[in-house]
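Step one of this worksheet: look at the structure below.
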Amino acid sequence: MTRTSPPAAVANIADTAVAARVRAVVRPKIRAMHAYPVAKATGLIKLDAMENPYGLSGEARAEMAAAVANARINRYPDGGGDEVKAALRQTQGIGNDVGLVLGNGSDEILQLLTMLVAKPGATVLAPEPSFVLYRTLAEAFDLRFVGVPLNADLALDIDAMLAAIARTRPALVWLAVPNNPTGTLFAVADIERIVTAAPGVVAVDEAYHAFAEVSLLPRVLAFPSLVVVRTLSKIGMAGVRLGYAAAHPAWTTEIDKIRPPYNVNVLTQAVVPVLLRHGELLAEQAAAIRRERARMAKELAALHGVTVFPSAANFLLIRVPDANAWFQALREAGILVKNVHGWHPLLDGCLRITIGTPAENNAVLEALSRPT
Ligand SMILES: Cc1ncc(COP(=O)(O)O)c(C=O)c1O
């Protein structure tokens, strides 16, 4: 055995030297970006991220514990995620002729779709305001992003969308159905016009489908441009990180080529089929959230100075006289919501409030009924 002497103290290089290298190789657009802010919610009622506030039943938890106990974490996961896909097909009514790709959350699916179309000079188009990741990803892959403003009432400006599609020939169009952060449900006829007019991919992001009456998934093979993106995050499994794309296999075969081979981990693959078997419980929870959404919309609209926008999702966008002050008042009452004031001119004065349990929602109403 050779003896080595302790290493001599090494001086750290100067910060400026690293900064110079970062500047040399990282594009200015990326250097100008900010990491997606995730607020700490310890000790607060968490109504900022559209999670399901209800837990699992004792039975579901016991089954999940057994699945985790038996998971082979010494092995890489199944690269194809076959059991998860079979469970999705069975519980979500997805036919065997539809291609599926799994992601580590649907945000990974959004990244893969952007990467898929990332030819130099390609355009990505979305209505705005919408999910912020659409723009961030386009910028990260050095693509041109075209945002088409919604109408003042936050409805889709279909004529502007069709004109922008004809003008910019986007490789990828994003449509969040229902839309985040507005909660708006775009008309199916308008979605179909866009899906038909677009020359490339139209990704219909159905993150909030459980709270709306509308889905394009049953017709995903009827349009050559259509890719439907979904997530389990909003129906009670945000922590397991599973999203998926459903489309004609010609699309999913291409997406699979750029997907990291083991992107969905062993524990997620073990737990998801178990949880999907409890679809009845998840559906009851979604129904409770829809009922609470209706109650909250009515009660919030009755507050002085508050405008509530119609929502088909598990959150409400409201406009208040002073978003910063109202956000702070909620914070002081121990409630975390999303202050979207300043994100886009159409969101001026707006807060986005996730629908919680009845008790959590009552806490919101109580805090907002006090004068700010
Ligand atoms: C419209 C939309 N798509 C996708 C996502 C990403 O969800 P996840 O990565 O949890 O699947 C979100 C998250 O809020 C969203 O609002």
Side-chain angles (χ1 to χ4, degrees), residues 35-39 41 46-53 81 84 88 92 100-115 124-138 140 147 150 154 156 172-186 191 201-212 214-217 227-246 255 259-260 263-265 268 271-272 275-276 282 286 289 309 311-317 336-338 340 343-344 347 350 352-355:
Y36 187 85
V38 178
K46 191 171 185 313
L47 300 178
D48 66 327
M50 288 82 84
E51 293 137 321
N52 174 343
V84 172
L88 286 171
Q92 312 298 304
L100 282 179
V101 183
L102 304 182
N104 180 7
S106 62
D107 51 12
E108 187 180 42
I109 297 289
L110 309 191
Q111 182 169 355
L112 293 172
L113 278 169
T114 310
M115 203 194 290
V124 176
L125 183 145
E128 277 200 316
S130 190
F131 188 37
V132 288
L133 212 49
Y134 304 151
R135 177 188 278 274
T136 306
L137 286 168
L150 295 173
L154 305 180
L156 197 65
L172 172 59
V173 176
W174 291 110
L175 286 176
V177 181
N179 190 38
N180 170 21
T182 60
T184 326
L185 185 60
F186 304 144
I191 299 169
V201 188
V202 179
V204 172
D205 182 345
E206 297 190 351
Y208 302 97
H209 77 95
F211 313 102
V214 165
S215 173
L216 272 273
L217 188 52
V227 175
V228 173
V229 181
R230 285 216 180 156
T231 177
L232 303 190
S233 294
K234 311 302 174 183
I235 57 167
M237 295 175 242
V240 305
R241 311 299 302 127
L242 190 90
Y244 58 99
I255 303 170
R259 178 180 60 82
N263 61 331
V264 179
N265 74 77
T268 296
V271 156
V272 163
L275 296 180
L276 284 175
L282 301 174
I289 290 167
F309 292 95
S311 169
N314 61 343
F315 59 87
L316 288 170
L317 185 78
L336 182 65
V337 301
K338 200 72 152 186
V340 297
W343 284 17
H344 186 277
L347 297 174
C350 288
R352 188 190 65 198
I353 306 178
T354 304
I355 302 299

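Since this is a predicted model, take the numbers as computed values, not measurements. In listed order, ligands and their atoms are each counted from 1.
In this structure, Tyr208 has its ring center under 6.0 Å from that of Phe315.
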Considering only N or O atoms, set out every pair between ligand 1 and the protein closer than 3.5 Å, with distances to one decimal place.
from     : atom 1 : to     : atom 2 : distance (Å)
ligand 1 : 3 (N)  : Asp205 : OD1    : 3.3
ligand 1 : 3 (N)  : Asp205 : OD2    : 2.6
ligand 1 : 7 (O)  : Ser106 : OG     : 3.3
ligand 1 : 9 (O)  : Ser106 : N      : 3.3
ligand 1 : 9 (O)  : Asp107 : N      : 3.0
ligand 1 : 9 (O)  : Asp107 : OD1    : 3.3
ligand 1 : 9 (O)  : Asp107 : OD2    : 3.4
ligand 1 : 9 (O)  : Arg241 : NH2    : 2.8
ligand 1 : 10 (O) : Ser233 : OG     : 2.6
ligand 1 : 10 (O) : Arg241 : NH1    : 2.8
ligand 1 : 11 (O) : Ser106 : N      : 2.7
ligand 1 : 11 (O) : Ser106 : OG     : 2.7
ligand 1 : 11 (O) : Thr231 : OG1    : 2.6
ligand 1 : 11 (O) : Ser233 : OG     : 3.4
ligand 1 : 14 (O) : Tyr208 : OH     : 3.3
ligand 1 : 14 (O) : Lys234 : NZ     : 3.0
ligand 1 : 16 (O) : Asn180 : ND2    : 2.7
ligand 1 : 16 (O) : Tyr208 : OH     : 2.7

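Counting heavy atoms from C-beta outward, Leu113 and Trp174 have side chains that approach closer than 4.5 Å. Between Phe309 and Leu316, every side-chain heavy-atom pair lies at or beyond the 4.5 Å cut-off. Arg352 places none of its side-chain heavy atoms less than 4.5 Å from the side chain of Val337.
Between the Thr354 side chain and the Leu47 main chain, a donor and an acceptor come within less than 3.5 Å of each other.
Taking a cutoff of 4.0 Å between a charged side-chain nitrogen and a carboxylate oxygen, Asp107 and Arg241 qualify as a salt bridge.
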